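Okay, structure first, notes after.
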Amino acid sequence: MIRTAIIGGGAAGIVAAAFCGKTADVTLFERNEKIGKKIYITGKGRCNLTNNCALYEFYPNIVHGQKFMISALTAFPPQSLMEFLGTYGLRMKTERGNRVFPVSDKSSDVIKALVRAAEESGADIKLNTRVLSVKKDGNFKVQTDSGNYEFDRVIVATGGMSYKSTGSTGDGYEIARSFGHTLTEPRAALSAIDLKEDVKDLQGLSLKNVRATIKAGGKEYSEFGEMLFTDCGVSGPVILTLSSFINRYDIGGSTLYIDFKPALSPETLDERLTSDFGEMRNKDLANILTSLLPKAVIPHVLSQCGVSPYVKGHSVTREMRYALGYCVKHLRFTVKGLADIDRAIVTSGGVELKEINPSTMESKLVSGLYFAGEVLDVDALTGGYNLSCAFATGRCAGIAAGRQ
């Protein structure tokens, strides 16, 4: 019987064990005291495990590796994943944006179903066991901190480099390098963005229906929706999405623009301002603007447009009004860079996809060596797409590595 080692007990590794164990003698090595630590914190503990959409809607949400993922996702689309997990007792629900969660809203229930699938396939799960090295001399020699093993095949499913506390410390990259694989530099994806300006006074401010725009690599990237300010920058859905599109450029010093009223044209906004200044002609400008903008943002807008907060409505000139309208739609901040990769939701970069067979996840350089999950240079937007890609590549590798 084929002996297969799986390194890493995250989403890809557990699913690989579940499918590989049906035809092979599987040993899964997990460095932590339990399986699925990153799954446990996904979706703020609720675990958005996939997106219940058609594949033609799924693919555009993959930022890097879209073509590579076609084979694996065609074989294991979101609906098949849901059916698989349902077989092991997980009850699911579909929420706004086709996001799929366990009915219980507990990520632990997803992990229980995955562990059940792996154990019922016969996989031997070794916890608190870190793999130190993998070498090939005929068979694969796997050295761990609790002993040495030999295997016919090895699946590397060690994750990326975000949330290092869950065990994603880049071990898989070192294994890949040791076998001659090329790596695309790991970078933060679905990440907050740090700003050069002091925005501590805006910390915690949540904005809805705004548009954020960044120019990077000669292109302009723009997203509409919700965002929020942190102690040192910005985060929230639109920022996380932007970060995944710009993370392979040198963005330090680039400009982030926020449009607080994207539904209003400059002309319509000017009419609104003219009306407000007329109706509240004896009030200070800073007070008049509270009907248009969040109070905390007003000092920043007035500072950038160079208008005093104490100017009365009846004293606002046309030039002041135009400058103010421009800043409401183009409040600018200077980008310092992406937040530290450890704070990112996922890792962008990893094992070069040209060196991996997309139908089997097997290395094109080393026979019997497979890669699955976040260790690959595949990343997607929020909405369950990243986990679904991990599950699909894990299944693909598991089936291929278990073949006689």
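Nothing here was measured: the structure is a model prediction, and the numbers come from that model.
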>> Please evaluate residues Lys37 and Glu33 with respect to the criterion salt bridge (charged side-chain N to carboxylate O under 4.0 Å, His left out), reporting the C-alpha separation (whole Å), side-chain torsions for both, the decisive distance (0.1 Å), and the verdict.
In response: CA-CA 9 Å; Lys37 284 193 81 170; Glu33 74 285 357; 3.6 Å; yes
>> Does Lys126 form a salt bridge (charged side-chain N to carboxylate O under 4.0 Å, His left out) with Asp124? I'd like the steps, not just the answer.
In response: CA-CA 6 Å; Lys126 295 187 180 297; Asp124 178 16; 3.2 Å; yes
>> I'd like to know whether Thr382 forms a side chain to side chain contact (heavy atoms under 4.5 Å, CB included) with Arg99, so could you lay out the CA-CA distance, the side-chain angles of the two residues, the decisive distance to 0.1 Å, and finally the verdict.
In response: CA-CA 9 Å; Thr382 56; Arg99 296 170 187 239; 3.9 Å; yes
>> Pair Ser191, Ser243 - check side chain to side chain donor-acceptor pair (under 3.5 Å), show working.
In response: CA-CA 6 Å; Ser191 163; Ser243 74; 5.0 Å; no
>> Could you go through Arg177 and Glu174, starting from their C-alpha distance and side-chain angles, then the distance that decides it, and tell me whether this counts as salt bridge (charged side-chain N to carboxylate O under 4.0 Å, His left out)?
In response: CA-CA 5 Å; Arg177 280 196 190 96; Glu174 296 308 313; 2.6 Å; yes
>> Set out, in order, the CA-CA distance, both residues' side-chain angles and the distance that settles side chain to side chain donor-acceptor pair (under 3.5 Å) for Ser71 and Thr74, then state yes or no.
In response: CA-CA 5 Å; Ser71 180; Thr74 299; over 6 Å; no
>> Show, in sequence, the C-alpha distance, side-chain angles and deciding distance for Leu240 and Ser235, and conclude whether the side chain to side chain contact (heavy atoms under 4.5 Å, CB included) test is met.
In response: CA-CA 6 Å; Leu240 298 182; Ser235 188; 4.0 Å; yes
>> For a side chain to side chain contact (heavy atoms under 4.5 Å, CB included) check, start with the C-alpha distance between Ser107 and Ile41, then their side-chain angles and the critical distance, and finish with the verdict.
In response: CA-CA 7 Å; Ser107 56; Ile41 62 173; over 6 Å; no
> Hey, mind stepping through Thr274 and Arg321 against side chain to side chain donor-acceptor pair (under 3.5 Å) and telling me if it holds?
Replying inline: CA-CA 8 Å; Thr274 302; Arg321 199 177 68 240; 3.1 Å; yes
>> Run the salt bridge (charged side-chain N to carboxylate O under 4.0 Å, His left out) test on Arg31 and Asp145 for me, step by step, so that the C-alpha distance in whole Å, both residues' side-chain angles and the decisive distance to 0.1 Å come before the verdict.
In response: CA-CA 9 Å; Arg31 63 184 292 173; Asp145 56 8; over 6 Å; no
> Going through the checks in order, is the side chain to side chain contact (heavy atoms under 4.5 Å, CB included) test met by Arg116 and Glu119?
Replying inline: CA-CA 5 Å; Arg116 191 176 300 129; Glu119 289 179 342; 5.7 Å; no
>> Go through it in stages, so that I can follow the logic: the residues are Ser104 and Arg91, the test is side chain to side chain donor-acceptor pair (under 3.5 Å), and I'd like the CA-CA distance, side-chain angles, deciding distance and then a yes or no.
In response: CA-CA 8 Å; Ser104 65; Arg91 295 172 59 229; over 6 Å; no
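No donor-acceptor pair closer than 3.5 Å links the side chain of Glu223 to the backbone N or O of Ala212. Remark: the backbone N or O of Arg3 is paired with a side-chain donor or acceptor of Asp152 at under 3.5 angstrom. Not a single donor-acceptor pair under 3.5 Å links the side chain of Asn98 to the backbone N or O of Thr94. Between the side chain of Gln79 and the backbone N or O of Cys53, at least one donor-acceptor pair lies under 3.5 Å. Between the Glu374 side chain and the Gly159 main chain, no donor and acceptor come within less than 3.5 Å of each other. Although no hydrogens or angles enter the test, the distance criterion places no donor-acceptor pair under 3.5 Å between the side chain of Asp284 and the main chain of Ala286. When atom types are taken as modelled, the side chain of Ser254 and the backbone of Ile251 share a donor-acceptor pair closer than 3.5 angstrom. Side chain of Ser291 to backbone of Ile288: a donor-acceptor contact under 3.5 angstrom is found. A side-chain donor-acceptor contact under 3.5 Å links Asp259 to the backbone of Lys261. A distance-only check finds no donor-acceptor pair linking the side chain of Asp231 to the backbone of Lys200 [under 3.5 Å].
Of all non-hydrogen atoms in Gly402 and Ala24, the two that sit nearest each other are CA-CB, 3.8 Å. The minimum heavy-atom distance between Glu220 and Lys215, with the atom names listed, is OE1-CE, 3.0 Å. For the residue pair Pro102 and Leu90, the shortest heavy atom distance occurs at CB-CD1, 3.9 Å. The heavy-atom pair separating Ser348 from Asn247 by the smallest distance is CB-ND2, 3.3 Å. Scanning both residues, Gly368 and Glu362, for their nearest heavy atoms gives N-OE2, 2.7 Å. Nearest heavy atom pair, residue Val328 against residue Leu292, reads CG2-CD2, 4.3 Å.
Gln143 meets the side-chain hydrogen bond (donor to acceptor under 3.5 Å, both in side chains) test with Ser133; sequence neighbours excluded.
Geometrically, Lys106 does not engage Tyr40 in a cation-pi contact, judged by NZ or CZ lying under 6.0 Å from the ring centre and within 45° of the ring axis. For Arg46 and Phe101, the positive end sits near the middle of the six-membered ring, less than 6.0 Å away and at most 45° from its axis.
Between the CG atom of Asp377 and the CD1 atom of Ile356 there is a distance of 10.5 Å, given to the nearest 0.5 Å. The CG atom of Leu331 lies 10.5 Å from the OH atom of Tyr257; values are rounded to the nearest 0.5 Å. Remark: Thr317 OG1 to Phe277 CZ distance equals 10.0 Å, nearest 0.5 Å. Atom OG of Ser80 is separated from atom CG of Leu73 by 10.5 Å, given to the nearest 0.5 angstrom. The distance from atom CG of Leu353 to atom OG1 of Thr184, rounded to the nearest 0.5 Å, is 7.0 Å. Atom-to-atom distance recorded for Thr4:OG1 and Tyr370:OH is 7.5 Å, nearest 0.5 angstrom.
Ring pair Phe391/Phe19: centre-to-centre distance not below 6.0 Å. Here the two rings, on His181 and Phe371, have centers that are under 6.0 Å apart. Two rings, from Phe29 and Tyr149, have their centers less than 6.0 Å apart.
Using bins of under 30°, 30° to 60° and over 60° for the plane-to-plane angle, the ring pair Tyr221/Tyr249 lands in the tilted bin. Ring orientation note: the planes of His330 and Tyr326 are close to parallel, at an angle under 30° on the 30°/60° scale.
Across Asn48, Thr50, Asn51, Asp379, a single residue satisfies side-chain hydrogen bond (donor to acceptor under 3.5 Å, both in side chains) together with Tyr385, and that is Asn51. For the side-chain contact (heavy atoms from CB on, under 4.5 Å) criterion with Val375, the lone passing option out of Val351, Thr347, Ile175, Thr393 is Val351. Screening Thr255, Ile193, Ile258 for a side-chain contact (heavy atoms from CB on, under 4.5 Å) involving Phe333 leaves a single residue, Ile258.
A donor atom on one side chain and an acceptor atom on the other are found under 3.5 Å apart for Thr334 and Glu197. Judged by distance alone, the side chains of Ser206 and Glu226 never bring a donor and an acceptor atom under 3.5 Å apart.
Counting heavy atoms from C-beta on, the side chains of Ser363 and Phe179 never come closer than 4.5 Å.
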